[in-house]
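Below is one structure, written out as structure tokens; the observations come after it.
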Amino acid sequence: MAEAKVAIIGAGPAGISAAVQLKRYKINSIIFEKRKIGGLVENAHRIENTMLFPNGISGKEFVKILEDYVKKYNLKIVYEEVKKVNKADNFILKTKKGNYEFEYLIIATGTRPKKLPFRGIKYHVTEINPCKKLLIIGGGDIAFDYALSARKICKDITILYRSNIKALPVLVDEVNGKGIRVIKGEIKSIEDNIAITTIGKLQFDEILAAIGRVPNVEIVEGIASSKMFVIGDAKNGIYRQTSLAIADGVKVGMKIWRMMRYGDTEGDW
Ligand SMILES: Cc1cc2nc3c(=O)[nH]c(=O)nc-3n(C[C@H](O)[C@H](O)[C@H](O)COP(=O)(O)OP(=O)(O)OC[C@H]3O[C@@H](n4cnc5c(N)ncnc54)[C@H](O)[C@@H]3O)c2cc1C
């Protein structure tokens, strides 16, 4: 892959934005993606806080736009999971198929869900089947957003939250007007299709949890380099937002261009 000096891991909003910005400087990059273009955003019911979409935009429409960028800028995507990165003079990316070497590395790997210790729970709304009774565990934005998405395929929806509702007030209002039950309680175990909780037994045929997320950064653990950049949800802690991921992509593209052109190592990152 001698044609590119920059590797980007992750084809979500952050990774695509970085690749587009680099391309505008005529810098080719290679994006490694283990699943498909779009990342987490495909799960979003409606994104309203990313500017330029005053009427909001669904997660799926958003993914379509990212796909259009990939086509327009002729971005190169290698559909392989990066299992580990080693640093010698350059970065060596290890996948099942082999090793790839790059001078610059952008980590746009996003996050993965925190898991509950029970079997049968799903963590992304795109994974659930049409159902009669859906139980959602969690009290944050994602749990409430999942409930709104799931209305298209599930009749009876309950959100079970443990301590506080942390979701955006506008999401809570939207859920409240839609006949979705919101109950305070904690799940203790699951027996077949029944959740045993602190407020009694809750029957379900699909169960979904959204109890927080952790960054996917283990593949670069122990590596520190001025030529490696962690961007988007993988670095933004609780501030996991599409606009911030896109902004990170633009910024890293500018930074790498300056480093290549002027040897610029100044400026914060
Ligand atoms: C239900 C829901 C609703 C949301 N609503 C909003 C909203 O209204 N507004 C808003 O701004 N944001 C919203 N978000 C958040 C938004 O989706 C994220 O902020 C955004 O997707 C982050 O982009 P990213 O590129 O940093 O990471 P991601 O989108 O997570 O992309 C990371 C990519 O990296 C790939 N990857 C990971 N590890 C590897 C590896 N080792 N090798 C190869 N590929 C790898 C993944 O497959 C993935 O495609 C919502 C999220 C959810 C789940």
Side-chain angles (χ1 to χ4, degrees), residues 7-20 30-53 56-63 65-67 69-70 77-85 93-97 100 105-114 122-128 136 138 140-150 167-168 170-171 174-175 208-221 229-252:
I8 299 170
I9 310 179
I16 302 289
S17 159
V20 167
I30 292 179
I31 306 176
F32 288 81
E33 171 54 53
K34 66 178 176 182
R35 242 170 46 84
K36 55 184 186 174
I37 294 168
L40 192 60
V41 80
E42 72 165 337
N43 286 277
H45 167 64
R46 203 170 54 251
I47 297 167
E48 291 180 325
N49 61 338
T50 296
M51 290 293 111
L52 309 180
F53 303 105
I57 179 170
S58 77
K60 289 194 168 58
E61 286 168 317
F62 204 100
V63 171
I65 291 173
L66 294 177
E67 287 168 349
Y69 271 101
V70 170
I77 302 190
V78 171
Y79 288 95
E80 292 176 34
E81 177 173 2
V82 177
K83 300 281 189 188
K84 184 73 196 140
V85 176
L93 277 55
K94 292 177 176 293
T95 75
K96 257 189 181 167
K97 293 193 180 159
Y100 305 91
L105 178 61
I106 299 172
I107 305 296
T109 44
T111 55
R112 61 179 181 279
K114 285 186 187 164
K122 294 177 180 170
Y123 292 89
H124 295 113
V125 74
T126 44
E127 293 161 6
I128 65 164
I136 301 176
D141 289 348
I142 296 185
F144 279 69
D145 191 287
Y146 280 175
L148 293 170
S149 287
L168 274 168
V170 288
L171 275 178
E174 206 174 339
V175 159
L208 195 55
I211 55 162
R213 302 188 67 89
V214 284
N216 290 320
V217 289
E218 292 78 2
I219 52 171
V220 289
E221 215 169 70
F229 305 88
V230 183
I231 66 168
D233 277 15
K235 89 149 208 301
N236 286 337
I238 57 163
Y239 304 104
R240 297 187 303 268
Q241 295 292 316
T242 308
S243 317
L244 302 180
I246 292 169
D248 280 354
V250 174
K251 188 175 171 186
V252 76

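Bear in mind the structure is a predicted one, so any value in this text is a computation, not a measurement. Quick note: residue numbers are just sequence positions, from 1. For ligands, and for the atoms within them, numbers begin at 1 and follow the listed sequence.
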| message | Using a 3.5 Å cut-off on N or O atoms only, is Ala245 in polar contact with ligand 1? | response | no
| said: Nearest non-hydrogen contact with atom 31 (O) of ligand 1 belongs to which option: Ala210, Ala11, Gly12? | reply: Gly12
| Hey, which atoms in ligand 1 end up nearer than 4.0 Å to a heavy atom of Tyr146? | 1 (C)
| note | Counting heavy atoms under 4.0 Å, the part of Ile9 that contacts ligand 1 is side chain
| query | Mind checking whether Asn43 has an N or O less than 3.5 Å away from an N or O of ligand 1? | reply | no
| field | Pairwise side-chain contact, Ile57 with Thr50, heavy-atom cut-off 4.5 Å (strictly under) | value | no
| remark: min-distance protein heavy atom vs atom 42 (N) of ligand 1 -> Val82 N, 3.0 Å
| message | Keeping Thr111 on the side-chain end and Asp233 on the backbone end, is there a donor-acceptor pair under 3.5 Å? | response | no
| query | Is there side-chain contact between Tyr146 and Thr126, with at least one heavy-atom pair below 4.5 Å? | reply | no
| query | Should you measure from each heavy atom of Arg240, which atoms of ligand 1 turn up under 4.0 Å away? | reply | 15 (C), 19 (O)
| query | Given that the side chain starts at C-beta and the backbone is N, CA, C, O, which of these parts of Thr242 lies under 4.0 Å from ligand 1, counting heavy atoms, or is it both or neither? | reply | both
| message | If the contact criterion is a heavy-atom separation under 4.0 Å, does Arg46 count as touching ligand 1? | response | yes
| said: Show me which atoms of ligand 1 lie under 4.0 Å from any heavy atom of Gly232. | reply: 26 (O)
| query | Taking only heavy atoms of Asp145, which atoms of ligand 1 are found under 4.0 Å from at least one of them? | reply | 1 (C), 3 (C)
| task | List the atom of Lys97, the atom of Tyr100, and the distance in Å for their closest heavy-atom pair. | result | CB-OH, 4.2 Å
| request: Identify, for atom 28 (P) of ligand 1, the protein heavy atom at the shortest distance, and state residue, atom and that distance. | output: Leu40 N, 3.7 Å
| query | Of all the non-hydrogen atoms in the protein, which one sits nearest to atom 44 (N) of ligand 1, and at what distance? | reply | Lys34 N, 3.1 Å
| Side-chain donor/acceptor of Ser17 to backbone N/O of Val250, under 3.5 Å | yes
| task | Give, for atom CG of Asp248 and atom CD of Gln241, the distance between the pair rounded to the nearest 0.5 Å. | result | 12.0 Å
| query | Which atoms of ligand 1 are found less than 4.0 Å from any heavy atom of Val41? | reply | 17 (O), 21 (O)
| said: Looking at Tyr69, I'd like to know if its OH atom is crowded, meaning that more than 12 non-hydrogen atoms belonging to other residues, nucleotides or ligands lie closer than 6.0 Å. | reply: no
| field | N/O donor-acceptor pair under 3.5 Å between Glu80 side chain and Thr95 backbone | value | no
| message | Is it the case that the side chain of Asp145 and the backbone of Ala44 share a donor-acceptor pair, with hydrogens and angles ignored and the cut-off at 3.5 Å? | response | no
| Distance filter under 4.0 Å to Gly39 heavy atoms, resulting ligand 1 atoms | 29 (O), 31 (O), 48 (C), 49 (O)
| request: Quick one: look up the protein heavy atom nearest atom 23 (O) of ligand 1 and list residue, atom name and how far away it is. | output: Pro13 CD, 3.3 Å
| task | Evaluate the side-chain proximity of Asn49 to Leu168: yes if any heavy-atom separation is below 4.5 Å, no if none is. | result | no
| field | Proximal candidate to atom 32 (C) of ligand 1 [heavy atom criterion; set Gly38, Gly10, Ala108] | value | Ala108
| What is the closest protein heavy atom to atom 5 (N) of ligand 1, and at what distance does it sit? | Ala44 CB, 3.8 Å
| query | Looking at atom 47 (O) of ligand 1, what's its closest protein heavy atom, distance included? | reply | Glu33 OE2, 2.6 Å
| request: For Glu81, counting its heavy atoms only, list the atoms of ligand 1 lying under 4.0 Å from any of them. | output: 41 (N), 42 (N), 43 (C)
| message | To the nearest 0.5 Å, what is the distance between CZ on Phe229 and CD1 on Ile107? | response | 11.0 Å
| At a 4.0 Å cut-off, with the gap strictly under it, does some heavy atom of Glu80 reach an atom of ligand 1? | yes
| task | Determine whether Val252 and Ile8 make a side-chain contact, defined as any pair of heavy atoms from C-beta on separated by less than 4.5 Å. | result | no
| query | Just wondering, do Ile142 and Arg213 contact through their side chains at under 4.5 Å, heavy atoms? | reply | yes
| Heavy-atom check, side chain of Leu40 versus side chain of His124, under 4.5 Å | yes
| For atom 19 (O) of ligand 1, what's the nearest protein heavy atom and its distance? | Asp233 OD1, 2.9 Å
| request: Tell me which protein heavy atom sits closest to atom 6 (C) of ligand 1, plus the residue, atom name and distance to 0.1 Å. | output: Ile47 CG1, 4.1 Å
| Side chain, backbone, both or neither: Asn49 near ligand 1, heavy atoms under 4.0 Å | side chain
